[in-house]
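Atoms considered below: every heavy atom in the structure, side chains included; atoms not considered: hydrogens, waters and symmetry mates.
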Amino acid sequence: MRLVPRGRLTGICAASFLVATGAAAQQVPSSLYDGLTWRPIGPFQGGRVEAVAGIPGDPATFYFGAVNGGLWKTTDAGQSWHGTWDRSATGSIGAIAVAPSDPNVIYVGTGEPDPRTDIASGDGVYRSTDAGRTWTHVGLEHSEHIGRIIVDPHDPDVVYVAALGAVFRPNSERGVYRSTDGGTTWRRVLFVNDSTGAIDLAIDPTNPRVLYAATWQVRRTAWSLVDGGAGSGLYRSSDGGTTWRRLEGHGLPAGVWGRTSVSVAADGQRVYALINAQDGGLYRSDDAGRTWALINADQRIRQRPWYYFQVKA
């Protein structure tokens with residue numbers, strides 16, 4: 001297994017950790033990549049980036065959501081870009097999800113979820129059914145900051161939203177929301193309290209009824225950041241989000257947690273959780289979240305955890 005840090009590029013500032021396993025982790029002769037160099041691919045709008053999404057089987061098409069520069073799309077692997085967000089009410093993009101079963105269906109959550117003092121809020125979720133040419137606002141307008149959106153791999157109308165909520169004050173439109181009709185109606189399926197929102201979601205690719213959600217108690221003021229609290233935690237659902245069980249013990253760190261990111265590997269059994277806590281770091285489960293082990297406690301992978309804190313399997 002390798003942890004591959006993604007650093008700062010001109011126009012795109014990402015800080016996730018990609019977890020590579022299997023064939024991708026095998027030794028490769030350096031002569032095959034010594035000549036490769038990084039180059040910026042744009043679109044040079046909005047500074048840092050929280051949201052990107054691609055289309056499986058189409059490596060040339062993907063979407064870029066700037067934290068204050070709207071939504072951009074490329075169909076030629078980054079050689080050129082065009083904006084698709086000109087008429088929307090907010091330019092702050094927190095999450096993008098392309099429906100795996102229909103790439104014409106795209107959901108965008110507005111309001112970046114990294115609570116800087118100059119953070120810009122959003123006005124909920126938008127949906128496109130024509131690959132980003134036009135957009136319809138589909139609700140959750142008071143969620144303010146959306147950390148993640150995931151779509152059922154078989155049904156483009158089943159979508160889950162991790163709403164962080166307001167970062168400067170309490171508000172009730174937080175937690176995990178589910179829609180089974182493409183955003184026409186929403187049901188909140190996980191709620192902790194009015195100071196704790198949902199920051200990340202993951203779905204089991206072998207069984208979409210199994211989901212994981214990370215909650216985060218956070219409060220920003222002009223002079224401080226309260227990162228963490230009793231509301232922060234990791235949850236699992238085995239019935240499509242209708243009910244949730246908080247995961248505690250069994251190898252997970254004790255005490256107060258801050259931000260957490262979660263990702264499920266292709267086999268559905270291996271789950272990764274990057275946890276900000278006193279004994280935090282990268283945790284791994286090989287039995288679908290029943291037991292956990294700390295596999296990397298290096299402080300470098302959890303610096304500035306309120307800002308850059310994502311893991312992807």
Transitively linked via ILVMFWY side-chain contacts under 4.5 Å: [X] with [Y]?
X	Y	answer
Trp257	Trp216	no
Val98	Leu71	yes
Ile96	Ile149	no
Leu274	Leu294	no
Val189	Tyr177	no

A side-chain contact here means heavy atoms from C-beta on lying under 4.5 Å apart; do [X] and [Y] qualify?
X	Y	result
Lys312	Tyr272	no
Arg236	Val210	yes
Lys73	Thr75	yes
Asp181	Asp157	no
Trp244	Leu211	yes
Ser232	Val256	no
Arg219	Pro170	yes

Pairs flagged by ring-ring contact (aromatic ring centres under 6.0 Å, His included) wherever residues 136-170 is involved - sequence neighbours left out = Tyr126-His137
Mind listing the closest non-hydrogen atom pair of [X] and [Y] along with its distance?
X	Y	answer
Thr291	Ser285	O-OG, 2.8 Å
Ala265	Pro205	O-CG, 3.5 Å
Gly231	Arg246	O-NH1, 4.4 Å
Ser101	Asp155	OG-N, 3.9 Å
Ala163	Ser143	CB-CB, 3.9 Å
Ala313	Ser263	N-OG, 3.0 Å

Under 3.5 Å side-chain donor-acceptor pair for Asp123 and Thr90 | no
Return yes if a side-chain donor-acceptor contact under 3.5 Å exists between Thr242 and Arg178, otherwise no.
-> yes
[X] side chain to [Y] backbone, donor-acceptor under 3.5 Å:
X	Y	value
Thr215	Gly233	yes
Ser92	Ser121	no
Thr61	Asp58	no
Tyr212	Ala288	yes
Trp85	Gly69	no
Ser179	Thr185	yes
Asn171	Ala166	yes

Which is it for Val105 and Tyr107 under the side-chain contact (heavy atoms from CB on, under 4.5 Å) test, yes or no, and what are the steps along the way?
-> CA-CA 7 Å; Val105 178; Tyr107 295 88; 3.7 Å; yes
[atom1] of [X] to [atom2] of [Y]: how many Å apart, nearest 0.5 Å?
X	Y	atom1	atom2	result
Ile106	Thr84	CD1	OG1	7.5 Å
Tyr235	Thr260	OH	OG1	11.0 Å
Thr110	Ile146	OG1	CD1	5.0 Å
Phe309	Asn276	CZ	CG	5.0 Å
His250	Asp287	NE2	CG	10.0 Å
Arg302	Ile275	CZ	CD1	10.0 Å

For Asp114, which of Arg220, Arg304, Arg259 qualifies under salt bridge (Lys or Arg N to Asp or Glu O under 4.0 Å)?
-> Arg259
Would the number of heavy atoms belonging to other residues, nucleotides or ligands and lying under 6.0 Å from CD of Glu141 be above 12?
-> yes
Could you go through the side-chain contact (heavy atoms from CB on, under 4.5 Å) check for Trp292 and Leu247 one step at a time?
-> CA-CA 10 Å; Trp292 297 81; Leu247 302 181; 4.1 Å; yes
Non-neighbouring partners of Phe62 that pass ring-ring contact (aromatic ring centres under 6.0 Å, His included), sequence neighbours left out =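 So Phe62 forms a ring-ring contact (aromatic ring centres under 6.0 Å, His included) with Trp81.
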Who are the side chain to side chain contact (heavy atoms under 4.5 Å, CB included) partners of Thr221, not counting sequence neighbours?
-> Trp223, Ser224
For Arg270 and Asp286, run salt bridge (charged side-chain N to carboxylate O under 4.0 Å, His left out): C-alpha distance rounded to whole Å, both residues' side-chain angles, the deciding distance at 0.1 Å, then the answer.
-> CA-CA 4 Å; Arg270 178 162 291 184; Asp286 292 325; 2.8 Å; yes
CA sep, side-chain torsions, deciding dist, call: Trp135, Val108, side-chain contact (heavy atoms from CB on, under 4.5 Å) | CA-CA 9 Å; Trp135 296 90; Val108 166; 3.6 Å; yes
Checking side-chain contact (heavy atoms from CB on, under 4.5 Å) for the pair Arg174/Thr196: CA distance, chi angles, key distance, verdict?
-> CA-CA 7 Å; Arg174 302 178 184 268; Thr196 301; 5.7 Å; no
